[in-house]
There are 2 protein chains.
Amino acid sequence: MSARVVPEGSRQRRRPTKQGAVLSERLIVDTALRLVAQHGAEALSVRRLGAALGADPSALYRYFRNTDALLLAICDEIIGRAQEGWEASGDWRTDLRAMGMRIHGSYVSQPQAALLAAHRTTGRPNETGAVEKILGILRDGGFPDPLAVRVYHAFVDQALAFAAQDAAASALPKAAGEADTEVWGDVYGRLPTETHPNIAATYPLLVADMRDSGYPFALELMLTALETLHPDAAGHPRKARRQAP
Amino acid sequence: MSARVVPEGSRQRRRPTKQGAVLSERLIVDTALRLVAQHGAEALSVRRLGAALGADPSALYRYFRNTDALLLAICDEIIGRAQEGWEASGDWRTDLRAMGMRIHGSYVSQPQAALLAAHRTTGRPNETGAVEKILGILRDGGFPDPLAVRVYHAFVDQALAFAAQDAAASALPKAAGEADTEVWGDVYGRLPTETHPNIAATYPLLVADMRDSGYPFALELMLTALETLHPDAAGHPRKARRQAP
DNA sequence: GACCTTACGTCAACACCATTGACGTGTAAA
DNA sequence: TTTACACGTCAATGGTGTTGACGTAAGGTC
C-alpha cells in the first residue's frame with residue numbers, strides 16, 4: 001500500500017465513482033475549500049469530504065498520501081489567490097505594504113482554511129512564487145542580502161501570524177466568540193482603578209481599538225523601522241514620508 | 001449530566017481513585033503540562049491524561065466541562081508563568097522587550113495550549129494583570145493614551161500571533177514537522193536561477209535564518225519604530241541607542 | 001456511631017476520526 | 001481482443017471526545 005498515489009501529471013484512467021463523480025486533485029481541493037467555507041473547519045474530515053464528493057472516503061488516498069498532504073494543497077491554493085493580479089510598483093514600501101495586506105486579506109477571507117494553513121511550509125508553486133516576489137522587492141529595493149533575508153522572514157511570519165490570529169477570531173465557534181467579546185465588557189469594564197489603573201484610564205479607547213485587527217498598524221510600524229535600517233538612511237535619516245520628496 | 005462540574009472553591013469530598021490518586025483542578029493542570037513537556041503535543045488526550053493521573057478518563061469531566069475548558073485553564077497557568085518574577089526596569093524599551101520575549105517564550109514552551117489559547121480572551125486574573133502591566137509600561141514611558149492603546153494592541157497581538165505561529169510548528173505531528181523541514185532542502189534548494197533568481201541567490205542565508213523564530217527580530221523592528229513615534233523623538237530624532245547618552 | 005445525601009470515580013457505550021489491506025471492475029493501451 | 005493495472009469500494013483496526021447509569025464512600029447531622 002506504499003505507492004498508492006499516482007501523481008496528477010501521469011493520471012490517465014478516469015473511472016467515475018458509483019455516484020458518477022470523476023475525481024481529480026483539483027476537484028478535491030475545491031470541494032474541500034467549499035466544505036470549509038460553508039460548514040467550518042471542523043467539518044473537514046476525510047469521511048465528510050468523501051461524502052461531499054460522492055465517493056468512498058478512502059478514494060482520497062489515491063490522490064493524497066494522507067490528510068496532511070491534502071491540507072498543504074489547500075494552503076497553496078489560498079496563497080495563489082492572494083497573489084492573483086499583483087504587479088510590482090517599484091517602490092519597496094508600497095510593494096511590501098500591498099503584499100502584506102494581500103496575504104493577510106486572502107487568509108482572513110477563508111478563515112477556516114487559513115487556520116489549517118497558516119503555519120505550514122508547502123513548497124508548492126504558489127508558495128515559492130510568493131517567496132521569490134517578496135525577496136525580489138527587498139533586494140531590488142536596495143537591502144543587502146543578509147538583511148533582506150532577515151527582513152523577509154520577519155515580514156512573512158508577521159503577515160501569516162496575524163492572518164491566523166484574525167482568522168481564528170472569525171472562525172471561532174459562535175458561543176466561544178461571543179464569550180470572548182463579553183469579557184471585554186463584563187471583566188475589563190469593571191476592573192477598579194485601585195488594582196488596574198491603566199486599564200481603567202484607557203478603557204473606552206481600548207474597547208474601540210480592540211474591535212479591529214492590529215495588523216495594519218503593526219505592518220506600518222515594521223515599514224517605519226525598515227526605513228531606519230535601509231542603507232540609504234545611514235547618514236541622512238530621511239523623514240520617512242511616503243509622498244514625493 | 002448538565003451540572004456535572006463542581007467549581008473548585010466548593011469542593012469538599014476528596015475521594016481517591018482506584019489507584020490512589022486524589023484529583024484536583026491543580027493536579028490535573030500540572031499533570032497535563034508535564035505530560036506535554038515529556039511526551040510531546042500529541043500525547044495530550046483525555047484518555048492518556050486519565051492514565052497519567054491514575055484515574056478513569058471520564059473523571060476529568062467532573063473538573064472541566066470539556067477539553068476546551070481544560071486547555072483554557074492550562075493557558076491561564078502559562079500566562080501566569082510568563083510574568084513570574086518580572087520587575088519593571090523603568091525603561092520602556094527594556095520592559096517591552098522583556099515582556100514580549102517572556103510571553104512568546106512561555107507560550108512556545110506549551111505549544112498545544114498556546115494554539116488553543118493565543119486567540120482567546122479569558123479575562124482571568126493572570127491575563128488582566130498582563131494587560132495592566134503592558135499598558136503601564138507604555139503610559140509611564142511617555143506615550144499619550146491614544147497612541148499607547150494602539151501600540152498596546154499591535155504589541156500584544158504580535159507577541160501572541162508569533163507565539164501561536166511558532167507553537168504550531170512545534171505542535172505539528174512529528175511526520176508533518178519533518179516534512180516541512182525537508183521542503184527547505186528538497187524544494188527550495190533545487191529551484192533554478194532562471195525561474196527563482198532571488199531564492200537561488202540567497203538560499204544558504206534563507207535556510208540558516210528560517211531555522212529560528214522570526215519573532216525576536218520582528219520585536220526589535222517594532223521597538224525601533226516606536227522610538228520614531230515616541231513624543232521625545234519629535235524635534236530631535238535621537239540615534240535610537242540603548243546605551244546611556 | 002448511625003443515617004442520609006450526594007460528589008465523584010468507574011464502566012460501558014456511542015459516534016466520530018484517519019488509515020490500510022484486499023478485492024474486483026472498468027479503462028486504456030497493446 | 002486481450003491484458004494489465006489504476007482506482008473506487010468494502011471492511012476492519014485502533015484511536016478520539018463525550019455521556020448516561022451506577023454504586024461507593026465521604027461529610028454533615030443527630
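A, B, ... follow the sequence lines: proteins, then strands. Residue 1 opens every chain.
- Computed from coordinates, the A:Gln19 CD to D:dC10 P distance equals 10 Å when rounded to whole Å.
- The CG-C1' distance, from A:Asp68 to C:dT19, rounds to 14 Å in whole Å.
- Atoms CG (A:Leu49) and P (C:dT19) sit 13 Å apart, rounded to a whole Å.
- For B:Arg47 and D:dT16, a side-chain-to-base donor-acceptor distance below 3.5 Å is present, hydrogens and geometry of angles not being considered.
- Nucleotides of DNA chain C nearest to B:Ala55 and A:Arg15 differ in position, and the one nearer the 5' end is that of B:Ala55.
- For D:dT18, neither phosphate oxygen OP1 nor OP2 lies less than 4.0 angstrom from any side-chain nitrogen or oxygen of B:Arg65.
- Computed from coordinates, the A:Asp56 CG to C:dT19 P distance equals 14 Å when rounded to whole Å.
- Note: CZ (B:Arg48) to P (D:dG14) measures 15 Å, nearest angstrom.
- The side chain of A:Tyr61 has C:dA18 as its nearest neighbour among C:dA18, D:dT18, C:dG9.
- Ion pair A:Lys18/A:Asp56 not flagged as a salt bridge, since none of the NZ, NE, NH1 or NH2 atoms sits closer than 4.0 Å to an Asp/Glu carboxylate oxygen.
- Of the charged side-chain nitrogens involved, at least one lies within less than 4.0 Å of a carboxylate oxygen, so that B:Arg26 and B:Asp30 count as a salt-bridged pair.
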Are A:Ile134 and A:Leu96 close enough, and set up right, to give a side chain to side chain contact (heavy atoms under 4.5 Å, CB included), and what steps lead you there?
CA-CA 7 Å; A:Ile134 296 171; A:Leu96 278 186; 4.3 Å; yes
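- In this structure, B:Tyr63 atom OH and C:dC8 atom C1' are separated by 7 Å, rounded to whole Å.
- Judged by closest nucleotide on DNA chain D, A:Thr17 is the one of B:Pro16 and A:Thr17 placed further toward the 5' end.
- Side-chain contact check for A:Tyr188 and B:Glu127: at least one donor-acceptor pair (N or O, by modelled atom type) lies under 3.5 Å.
- Contact between the side-chain N/O atoms of B:Lys18 and the OP1/OP2 oxygens of D:dT24 is not found at any separation under 4.0 Å.
- Across all strands, A:Ala59 comes closer than 4.0 Å to base atoms (heavy-atom distances).
- Taking only side-chain nitrogens and oxygens, B:Ser58 never comes nearer than 4.0 Å to OP1 or OP2 of D:dT18.
- Ring-plane geometry between A:Tyr215 and A:Phe162 is classed as tilted, the angle between the planes lying from 30 to 60 degrees on a 0 to 90 degree scale.
- If you take CZ of A:Phe64 and P of C:dA18, they are 14 Å apart, rounded to a whole angstrom.
- Here D:dC7 presents its P atom at 15 Å from CG of A:Leu53, a figure rounded to the nearest Å.
- A donor-acceptor contact under 3.5 angstrom links the side-chain atoms of A:Arg62 to the base of D:dG8.
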